[in-house]
Every structure is written in structure tokens, then in C-alpha cells.
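Remarks on the structure that follows.
We use all heavy atoms of the structure for the numbers below, so side chains are in, but hydrogens, waters and symmetry mates are not. Heads up: numbering here begins at 1 and tracks the sequence.
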Amino acid sequence: MLTDIRDLLPGSPLEADVCIVGSGPAGLPIATELEAAGISTLLVESGGVEADDLSESLAAGETTGEPFCPLTITRAKRFGGTANYWDTRWDPATLGFRGAPLDPIDFERKEWLPESGWPFGLDALSGYYRRAHEFSGMGPFEYDPAPWSDGNGARPLVFPDESVETRIWHFGAQRTFLEDRRDALARSRHVRVLLHAPVIGLEADPAGVKVTGVRIRVAEGREHVVRARVVVLAAGGLENARLLLLSDGVRRGGVGNRHDLVGRYFMEHQLVRGGTLVPFDRSLFDRLSLYDERHVRGTPVMGKLRLSEAVMRREGLLNLAVALFPRHRWSHRFRWESLDAFRELVHAARSRTLPEGVATRAILAARGIDFITARLTRKLSGDRLFRYWQDGPSLLTAGWSSLPDKPSRFARIELVAHTEQAPHAENRVTLARSLDALGCRQVSLHWEWREQDVDSVRRSLALLGRGLESAGIGRLRPAEECDGRPPLIHAGLHHHIGTTRMHPDPRRGVVDADCRVHDAPNLFIAGSSVFPTGGYINPTLTIIALSIRIADAVRAELGRAGAMVRPAVVERAGERAGDGVGT
């Protein structure tokens with residue numbers, strides 16, 4: 001059942017066995033599992049189904065350290081959370097997030113990586129990964145490349161020394177999270193979704209060891225408090241930490257922050273230019289289909305390359321994988337910004353107006369005159385001439401393996417690296433002095449791409465280059481460094497990791513192996529904020545797996561505590577008590 005909290009009367013009782021804060025990829029699996037178990041649940045979401053200015057403004061905050069993308073474009077304050085920002089290049093019914101389990105090495109404690117090591121290994125999550133696959137509608141749980149190979153050029157590259165390996169990405173559909181799960185919860189008998197209900201903090205008992213309420217403040221300044229036996233924060237890597245820090249009414253520093261760990265060890269996944277691979281034989285382009293984003297027996301998949309775990313252990317490296325994108329020989333001359341400037345000048349000439357910045361536009365057009373000429377010639381010739389002067393594949397395009405004449409069309413391959421970042425205590429979330437529209441302190445993020453991260457990327461790419469050359473595939477030309485570093489495409493991929501890290505020792509982690517806050521046994525935290533390390537892989541599949549695992553722990557907790565309670569009936573404005581949206 002979906003309810004807009006603004007329609008409720010002031011003081012309306014809000015009670016359930018479980019309160020989940022956040023309706024994104026971390027909160028939805030828990031709500032779905034608890035619905036199946038018949039457990040009364042309130043799922044609290046700060047926004048509505050569609051974006052609105054007030055709700056989205058609550059995602060704002062400040063960043064310090066190195067340049068980082070604005071926080072408002074990394075967080076979505078509406079139903080589905082960051083699933084609203086997933087790419088849907090072909091079809092939102094089948095594509096959304098890239099997914100794969102973390103690698104076994106990602107769970108290990110590594111001598112060269114301080115603060116690494118999960119409380120459990122991959123085996124502890126294997127069954128949950130399969131359930132996460134099913135939840136996301138991702139097709140067969142198979143990440144070895146062999147089942148996704150065929151006789152049409154989709155085969156893994158061969159590395160005789162086994163230093164480099166091929167692995168598979170699957171894709172989780174955006175529609176599954178934004179439509180299918182929402183529709184299911186709208187029909188739910190046990191889960192009520194409260195929309196436009198931004199949480200401003202948690203209430204705790206006088207000892208500060210038990211969460212007693214979840215405070216919600218609506219735009220008009222009116223507040224509600226949710227009473228629940230178990231609370232789950234599933235609001236994202238920045239917001240989970242912020243809500244704990246804001247909840248300082250009983251204990252200075254906030255809930256779960258006895259050892260000043262809340263907000264620390266923030267990590268992201270960087271997107272890095274990995275260089276250009278020039279193949280020894282252009283027939284290679286006919287043998288790379290496995291590394292394109294394509295549908296195989298109805299399942300969207302994509303291959304990528306990574307160093308073997310043996311190499312990573314031997315060299316003391318962070319994890320990294322590269323995607324392969326063929327490029328035309330003249331793609332470095334594709335100047336779309338010059339073509340845009342030329343079009344603006346032509347439009348201005350036809351309309352007899354003088355555009356703002358005409359000199360700047362003229363200079364920009366002149367710099368790309370060869371590209372402009374090629375595009376015009378192509379158009380005038382009916383696409384017969386300069387037919388390959390068009391954008392090559394990228395992270396936002398797919399299907400290049402089905403193009404004809406690939407050895408003539410392409411000359412080189414751009415490598416784009418997805419990288420792991422080391423946990424560092426000073427990369428952290430704190431509270432800013434600035435206030436949001438509800439009068440709460442905004443989030444402040446300090447982020448730096450540190451020397452260990454940079455050195456590992458540089459050495460990993462060099463080793464990949466040696467592996468590609470020794471296998472007879474091609475020669476890797478490193479990308480030109482920027483300020484002594486491999487060039488960043490994006491400082492972060494909206495993967496907020498590590499601010500409420502998991503560790504069995506409360507002096508080294510905020511939550512235990514069950515994702516339960518050490519200092520508050522009825523409070524769980526879901527999402528990538530609990531990851532001790534993040535690997536290079538998009539965290540969504542692991543988030544879902546851990547959320548299903550949390551749901552199992554919550555069920556067990558409530559079973560031990562005795563019979564469950566039904567949520568209290570809440571009233572809509574203008575309706576008499578007892579009517580409305582009670583289950």
C-alpha cells in the first residue's frame with residue numbers, strides 16, 4: 001500500500017514490526033522478503049514516485065578534497081532511489097545496472113591493503129547472490145564466459161600464461177525496481193510505503209543502546225514518529241551515515257558512533273582511461289563479440305578483462321577490470337562540440353541574429369573543420385562517403401559487434417578501466433554547517449584519489465598491456481597521464497561505499513557480520529555503506545544479496561522476540577478514525 005504522508009493527520013500513529021528507511025535497491029528486497037513472511041512493515045521514502053524540487057534538494061551537500069561530482073546527481077530522493085539514474089540504453093525492461101558478484105579476493109584480508117577483509121568469504125553469500133539474481137530478473141546465474149560464447153565471434157580471448165581472465169557482467173532491469181516492485185508493494189497487505197516522508201534522525205532510549213523511533217519531518221514543519229521493534233537504514237552510503245550523525249540526542253556523535261567510525265572509509269569506483277590497444281591483426285574485431293553488450297538467449301550480458309587473482313596477490317594490487325570499445329582510426333578527430341558550434345553559427349546566419357559568444361563559437365568550429373567537412377560530405381552523399389565518421393561504442397552504447405565490415409570500420413580499441421579504491425579513514429562523510437529545507441545539517445563529503453589507488457591502477461594497466469602483447473593480441477599504448485596520474489573519466493560512478501563499515505570488532509566497524517549496529521542491537525544497516533572494501537564491480541547485486549540476508553536476520557530476530565504486531569491504522573485528513581489505509 002502506498003500512502004503520501006502529507007495526507008495524514010498530525011499525530012497519526014505509525015507503528016509496525018519493522019521500519020525500513022529508503023526504497024532503493026537496498027530497501028526494496030528487504031520489504032519484499034518481509035511481505036512474503038507476513039511481517040508488518042513501514043517502508044519510508046523521502047520523495048514520491050516522481051521527482052519534485054523539494055525532495056531532490058534534500059540530496060544536496062558539499063564536497064571537499066579533490067573534484068567530485070555534485071551530490072545532487074548521485075542520489076535520487078524518490079521511490080526506487082538511484083535506480084532512477086541507471087542507464088537504459090536499449091530497453092528499460094531488460095537493462096539497468098551492470099551486475100556481478102564480488103570476486104573471492106575482494107573478501108580476503110590482504111597484507112598490502114590496510115583495513116581490508118570481510119567477516120566472511122564469498123561462500124557465505126553464494127546462496128544470497130542467486131536469490132538476488134532472481135529478485136532482479138537477471139537470467140541464469142552464470143559468470144563463466146563459456147556458456148555465453150558462440151560461433152559468431154563471441155569467444156573469450158586466450159592468454160596462455162593465464163595472467164588475464166575474461167569474466168561476465170549481467171544486467172538488472174530498471175523497470176523491475178521502479179515499476180514491478182512498486183506495483184507489488186502497492187498491493188501488499190503487510191508493507192505500507194510512506195511517500196514524501198523524509199527522515200531527520202533516530203530516537204534512542206536513555207542508555208543510547210536501542211532505537212525507539214524514526215523521526216519524519218514534512219515540508220510544513222509537521223513531524224511524525226514511527227515506532228518499530230526493528231529499524232533498517234537503507235538510504236544510501238551518504239545518507240545512512242548522515243542520519244546516524246544527526247541522531248545525537250542521547251549520545252554525542254550520533255547513534256553507532258562510539259568509536260568515531262561513522263562516515264569514515266568512504267570509497268568509490270573510478271572510471272579511468274586505460275589506453276589504446278592496437279591489434280596485431282584487424283581480424284581481431286570479428287572475434288570480440290563477447291565483449292560487446294548483447295542479448296544471448298534473452299539475457300543481456302557483456303564480457304570484460306581482469307588480471308588473475310594470482311597476479312593481484314603477487315603484485316599487491318587493488319582489483320580492476322577493463323571494458324573494450326572499438327574505435328575508428330580517425331575517432332580522435334571527432335569533434336562534436338565543433339559541429340554544434342558550426343550549426344549554431346549557421347542558424348544565427350539564417351535568422352540574421354548575432355549569437356552570444358560568436359567569436360568563441362567560430363574558433364571552436366574552425367578547430368574541427370575536417371570533422372565538419374566529413375560530416376557534411378557524408379550527409380550530401382547519402383551516407384556513402386565517410387560512412388564510419390560517427391561515434392564509436394562507449395559505456396552508453398551497445399551493439400557494435402553486429403555492425404558490418406568491422407576490420408575496415410575499426411582500427412583500435414579503447415580500454416576503459418573500472419577500479420577499486422582503498423579504504424582510507426580520512427575519506428569520509430561528516431555534517432556540513434549548511435542546512436537543508438527541513439532545517440537539518442547537510443552532508444559534507446571529503447574525497448581524495450590517493451597514491452595507493454593511483455599506483456595500483458598504473459601497474460595493473462601495465463600488466464594488462466604485457467598480457468595482451470605476449471598473447472599476440474596487440475600492443476597497448478598507455479593513455480597520456482594528467483598531472484602525473486592516469487586520466488579519470490569519472491571520479492565516481494555513484495557507488496557510495498564504506499561509511500558504516502562491517503567488522504566483528506566494534507572498535508573497527510560500525511556494524512557486525514549481520515549488518516547490525518554494534519551499539520544498537522535493533523538497528524540494521526543495508527547497502528554498500530557496510531562494505532569493508534568494494535572491489536571494482538558495481539555494488540548493486542551485492543547490496544541486494546546482503547539485504548536479503550538482513551531480511552532473514554530480521555525474521556529470526558522477530559521470531560525470537562515473540563508474536564508480531566499489526567501496524568496501527570493511520571488516518572487521512574478529513575476521514576474518521578479507523579478508515580483509510582490500515583491493513
Side-chain angles (χ1 to χ4, degrees), residues 1-8 12 14-52 55 76-84 86 92-93 96-97 131-132 134-138 172-199 214 216 224 226 228-236 524 526-527 540 543-552 554-555 558 564-570 572 580-583:
M1 183 171 293
L2 275 59
T3 302
D4 189 324
I5 199 170
R6 297 171 300 183
D7 292 336
L8 303 185
S12 297
L14 299 172
E15 298 179 358
D17 279 320
V18 181
C19 177
I20 304 168
V21 180
S23 66
L28 286 175
I30 302 174
T32 302
E33 292 287 319
L34 297 184
E35 157 64 20
I39 295 173
S40 63
T41 303
L42 283 171
L43 178 60
V44 178
E45 170 54 50
S46 60
V49 172
E50 304 294 337
D52 66 86
S55 299
K77 294 290 189 174
R78 55 190 183 273
F79 188 94
T82 52
N84 287 278
W86 290 345
F97 72 91
R131 290 168 66 180
E134 182 178 354
F135 177 89
S136 305
M138 295 174 70
Q174 183 187 56
R175 193 178 73 183
T176 299
F177 293 79
L178 300 188
E179 299 178 22
D180 298 346
R181 297 299 173 185
R182 184 187 70 217
D183 292 345
L185 290 177
R187 299 188 301 268
S188 171
R189 297 179 54 218
H190 305 286
V191 177
R192 180 182 302 121
V193 181
L194 293 178
L195 299 173
H196 293 110
V199 173
V214 176
I216 296 169
H224 296 266
V226 176
R229 296 157 67 189
V230 174
V231 174
V232 183
L233 291 185
F524 292 80
T540 305
I543 288 172
I544 297 168
L546 283 173
S547 289
I548 296 172
R549 188 170 179 265
I550 289 171
D552 285 352
V554 169
R555 268 199 304 264
L558 292 173
M564 303 171 211
V565 300
R566 292 168 60 83
V569 173
V570 293
R572 292 185 186 275
V581 293
T583 57

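Across every non-hydrogen atom of Ser136 and Ile544, the tightest pair is OG-CD1, 3.3 Å. Heavy-atom minimum distance, Leu43 versus Gly22: CD1-O, 3.2 Å. Contact detail for Pro25 and Ser547: the closest heavy-atom pair is O-OG, 4.4 Å. Annotation for Glu50 and Arg78: closest pair C-CD, 3.8 Å, computed over non-hydrogen atoms. In terms of heavy-atom proximity, Leu178 sits nearest to Ala83 at CD2-CB, 3.9 Å. Contact between Phe79 and Leu195 at its shortest, heavy atoms only, is CD1-CD2, 4.4 Å.
Here the side chains of Thr41 and His190 are not in contact, with every heavy-atom distance at 4.5 Å or above. Counting heavy atoms from C-beta outward, Arg182 and Leu2 have side chains that approach closer than 4.5 Å. Taking 4.5 Å as the limit, some side-chain heavy atom of Ile548 sits within range of a side-chain heavy atom of Pro29. Using a 4.5 Å cut-off on side-chain heavy atoms (C-beta onward), Leu14 and Leu194 make contact.
When the side chain to side chain donor-acceptor pair (under 3.5 Å) test is applied to Thr540, the partners found at least two apart in sequence or on another chain are Asn538. A search for side-chain contact (heavy atoms from CB on, under 4.5 Å) contacts involving Ser46 returns Lys77, Pro198, not counting sequence neighbours. With sequence neighbours excluded, the residues that form a ring-ring contact (aromatic ring centres under 6.0 Å, His included) with Phe135 are Phe177. Not counting sequence neighbours, the partners of Asp552 by the salt bridge (charged side-chain N to carboxylate O under 4.0 Å, His left out) test are Arg131, Arg555. Among residues two or more places apart in sequence or in another chain, the side chain to side chain donor-acceptor pair (under 3.5 Å) test is passed with Asp52 by Ser55, His196.
A donor-acceptor contact shorter than 3.5 Å is absent between the side chain of Ser40 and the backbone of Ala16.
Residue pairs meeting the salt bridge (charged side-chain N to carboxylate O under 4.0 Å, His left out) criterion with at least one member in residues 18-32, sequence neighbours excluded, do not occur.
Atoms CD and CD1, on Glu33 and Ile550 in that order, are 11.5 Å from each other to the nearest 0.5 Å. Atom CZ of Arg181 is separated from atom OG1 of Thr32 by 5.0 Å, given to the nearest 0.5 angstrom. Atom CD1 of Ile216 sits about 9.0 Å away from atom CG of Leu8, to the nearest 0.5 Å. How far CD of Glu45 is from OG1 of Thr3: 13.5 Å, rounded to the nearest 0.5 Å. Taking OG1 of Thr176 as the reference point, atom CZ of Phe97 lies at 8.5 Å (rounded to 0.5 Å).
None of Val231, Val226, Val193 except one satisfies the side-chain contact (heavy atoms from CB on, under 4.5 Å) rule with Leu42; the exception is Val226. A side-chain contact (heavy atoms from CB on, under 4.5 Å) with Val191 is found for one member of Ile39, Leu185, Ile20, Val18 and no other, namely Leu185.
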